[in-house]
2 protein chains.
Amino acid sequence: MAVTISDVAQAAGVSKGAVSYALNGQPGVSDATRDRILQVAKELGWKPSLRAKGLSSAKAYALGLVVARDPKLLGTDPFFPAFIAGIETTLAEHDYTLVLSVATAPGAEERAYRKLADGGRVDGVILTDVRHNDSRIGLLRELKLPAVTLNRPDAESPFPAVSMDDTDGITAAVDHLVALGHVRIGHVGGAQEYIHGRSRREAWAAAMAKAGLATDLFAEADFTAPGGVAATAELLRRADRPTAIVYANDLMATSGQSYAQTQGLSVPGDLSVTGYDNAEFTQYLNPPLTTISTDPMLWGRAAAQALLNQLNGTHSGEDTQLQAPVLLVRASTGPAPVPAAGRSSPPRPSGQPRASSPATS
Amino acid sequence: MAVTISDVAQAAGVSKGAVSYALNGQPGVSDATRDRILQVAKELGWKPSLRAKGLSSAKAYALGLVVARDPKLLGTDPFFPAFIAGIETTLAEHDYTLVLSVATAPGAEERAYRKLADGGRVDGVILTDVRHNDSRIGLLRELKLPAVTLNRPDAESPFPAVSMDDTDGITAAVDHLVALGHVRIGHVGGAQEYIHGRSRREAWAAAMAKAGLATDLFAEADFTAPGGVAATAELLRRADRPTAIVYANDLMATSGQSYAQTQGLSVPGDLSVTGYDNAEFTQYLNPPLTTISTDPMLWGRAAAQALLNQLNGTHSGEDTQLQAPVLLVRASTGPAPVPAAGRSSPPRPSGQPRASSPATS
DNA sequence: GATATCTACTAAACCGGTTCAGTTGTTAAT
DNA sequence: ATTAACAACTGAACCGGTTTAGTAGATATC
């Protein structure tokens, strides 16, 4: 059976209390006694019972992550696996574990947070996909759950944020396209309820304004592939349609690129395309996608550390700013089409977009 | 402060023991007393302390999942998000949570399992990516951790398995290609240390043999995109190179298809391609990928249920067999190229494969 | 010398629940 | 009428750890 601190106390000839102080690096025992206790504990093969320790210390030794996204989206998003792997590297150093909940049904997200809090299953949570006026801030305050947010919410939040500014990446993409001679540069944005959906749009608009270009070529989508198709179709139907599109994520760039190709447009000859996130498959697209590369693993590591620091009272209270994402140029971006004399205009897309099987290459 | 069963006992005028029996549906209290206790507990807003409950009952009320894959692979694999979402639906009904660990460093996987077991953090684990002579079986027995395996391991295992036979999907892909007139059908397999890597290869070989076709066009890869490129290059270099390739996963099919295109081959004109897993992005490839669609959410749901049944002693001890995957035909497969008289042979791939930027479309 | 402070320990309370051994009352069987 | 069995409760032990209040001894200060 499991060795308890009573066994260690008996074998070392001290009280349980002394053993607890010794094993937890607390003052209250002499160095000699502490060493003896640690030695005996090691010899007996003592391992803490996290359940007993948790009850005594009112801690769970776990952090929570609730992901309220359709699993289909998760399966193409390189962010979460790397983010989780980053969290893991921090947790491994602190004997904490990650409690993950994927909550997609209506109301499931709130239920998941309540479940984590009510049962005392986690000591704090990491809040991803922060939204405009995010209701989770208030909920977590009500539940008295410590948290760290990814990026600074736009509403008052008592929780420290760990931020990675996507402004630079989007700005680099727009600048890259401007340098290639593009004037009509569109943006297919993610859901504008998300802070990161908005900030990417705002970064695009700012970079466009700085270059003296129009910022009306915007279509909102929802980070999904069908959403990317619909938004792309909308932009390509315009008389002043774009010769380049900056997408808010890789999946929409992929489906948008594919849609344009089915409409007879050449990428990047007629339309240049950039994505966001540098998903593994994007370098194998035809053509390989120009995209923006982030570092979700670092983000996960930093977020977990910030939350642990908060829990143990060593957090400075300040937000953490991580290194900005960088543009990764591949073959989906090229010089703007030249409207030369005698040249027919680029093919105009036909009809409504269809999500079904496109024509063969 | 939190309401405890002592508070409920006092308010209901009974002992703590009676409250425990009543709240847990145990015999030992009359119906009238039970109703009174339940009523009082509800009025007081009593919620169980999982920490106290866990210490008393020696349970964690959590299941563990250790994923020993590179996060890059996870970011393109639709399996795990959907699988985890499926687990979640079962756990939500039972007030259990999922403890997730992504372990990629050498030795990290074993450390992760030990961490889960030693701290009593989980009551059991779900074992995915089962390998040939999987060392985890013995480890889990040593750690006395109950488990459920995805698919039946090839070594003796005391744990129930929940299986989804990939034979039918691969067979359907081969049959589909045979019906299209293909004779030289290759297979780019995943790592043969994995049971699912082997079974997909064996299914391909069996379907080929049944069609009276040769089974030598095999190249092993590791489920990664670069691995898919290298294996594809190997097959395409052969004098008897395949006119179709059945890949063991979508990412390798994507990168293999892309590689073939950079070598001047037309997909599916010169080479038909099938994948596995139906990743979200595959329908937006150029051309959209023919693939095999599985139901990982159902798998997750069933695996979690099997493990919970095992934990509560209601498991029959038998393996569970889930519905087989199905072939999803898109545009990456077409009729075999016809070696007509006077027609030049299809272009031969040139030199070593390069993972860098392919030519534009 | 007397008093105050500090260190190093102790036993016991506490965390909030589950289970066990015991008591009492009721009912059924002999 | 007596005995046995059962149901409905009880208080206490237990789970394995952390913290608190207390004690004794040593040292420093007045």
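In what follows, chains carry the letters A, B, and so on, assigned in the order in which the sequence lines appear, proteins first and then strands, with residues in each chain numbered from 1.
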Under 4.0 Å from a heavy atom of chain A: give me the 5'-most and 3'-most nucleotides of DNA chain C that qualify.
C:dA8 to C:dG16
Does D:dT18 have OP1 or OP2 sitting under 4.0 Å from an N or O in the side chain of A:Ser56?
no
Below the 4.0 Å mark, does D:dT18 have OP1 or OP2 next to a side-chain nitrogen or oxygen of A:Lys16?
no
Kindly assign one of parallel, tilted or perpendicular to the pair A:Phe79 and A:Trp299, based on the angle between their ring planes and the thresholds 30° and 60°.
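Ring orientation of A:Phe79 relative to A:Trp299: perpendicular.
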May I ask you to decide if the ring planes of A:Phe80 and A:Phe83 are parallel, tilted or perpendicular, using 30° and 60° as cut-offs?
perpendicular
Residues from residues 39-51 of chain A sitting under 4.0 Å of DNA chain D, heavy atoms only?
A:Trp46, A:Lys47, A:Pro48, A:Ser49
Counting only heavy atoms and a strict 4.0 angstrom limit, can you tell me which residues of residues 22-35 of chain A come near DNA chain D?
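Per residue number, the list reads A:Asn24, A:Gln26.
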Base-paired stretches in DNA chain C with three or more consecutive Watson-Crick or G-U pairs, both distances under 3.5 Å, amount to C:1-30 with D:1-30
Report the distance from atom [atom1] of [X] to atom [atom2] of [Y], rounding to the nearest 0.5 Å.
| X | Y | atom1 | atom2 | value |
| --- | --- | --- | --- | --- |
| A:Ile5 | A:Ser20 | CD1 | OG | 5.5 Å |
| B:Thr128 | B:Ile84 | OG1 | CD1 | 9.0 Å |
| A:Leu50 | A:Ser57 | CG | OG | 9.0 Å |

Under 4.0 Å, heavy atoms only, any strand: does [X] hit a base, just the sugar-phosphate, or nothing?
| X | result |
| --- | --- |
| B:Gly120 | nothing |
| A:Val19 | nothing |
| B:Thr4 | sugar-phosphate |

Solution key, residues 25-33 of chain B side-chain donor-acceptor pairs under 3.5 Å, sequence neighbours excluded:
{"unit_1": "B:Ser30", "atom_1": "OG", "unit_2": "B:Thr33", "atom_2": "N", "d": "3.2"}
{"unit_1": "B:Ser30", "atom_1": "OG", "unit_2": "B:Thr33", "atom_2": "OG1", "d": "2.9"}

Does A:Gln305 have any side-chain hydrogen bond (donor to acceptor under 3.5 Å, both in side chains) partners at least two apart in sequence or in another chain, and if so, which?
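A:Asn309.
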Suppose we screen for side-chain hydrogen bond (donor to acceptor under 3.5 Å, both in side chains). Which residues come up paired with B:Thr4, at least two apart in sequence or across chains?
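Here the qualifying residues are B:Asp7.
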Provide the full list of ring pair (Phe, Tyr, Trp, His ring centres under 6.0 Å) pairs with a residue in residues 8-35 of chain B, sequence neighbours left out, each pair given once.
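Qualifying pairs, neighbours excluded: none.
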Sequence neighbours excluded - ring pair (Phe, Tyr, Trp, His ring centres under 6.0 Å) pairs with any residue from residues 44-68 of chain B:
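Checked against ring pair (Phe, Tyr, Trp, His ring centres under 6.0 Å) - neighbours excluded - the pairs reaching residues 44-68 of chain B are B:Tyr61-B:Tyr96.
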Where at least one partner belongs to [range], residue pairs that pass salt bridge (Lys or Arg N to Asp or Glu O under 4.0 Å), sequence neighbours excluded:
| range | result |
| --- | --- |
| residues 92-112 of chain A | A:Glu93-A:Arg301, A:Asp95-B:Arg121, A:Glu109-A:Arg131, A:Glu109-A:Arg136, A:Glu110-A:Arg114 |
| residues 44-53 of chain A | none |
| residues 302-323 of chain B | B:Arg152-B:Asp319 |

Can you work out whether A:Tyr21 or A:Ile5 has the more 5'-proximal nearest nucleotide on DNA chain D?
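Between the two, 5'-proximity favours A:Ile5.
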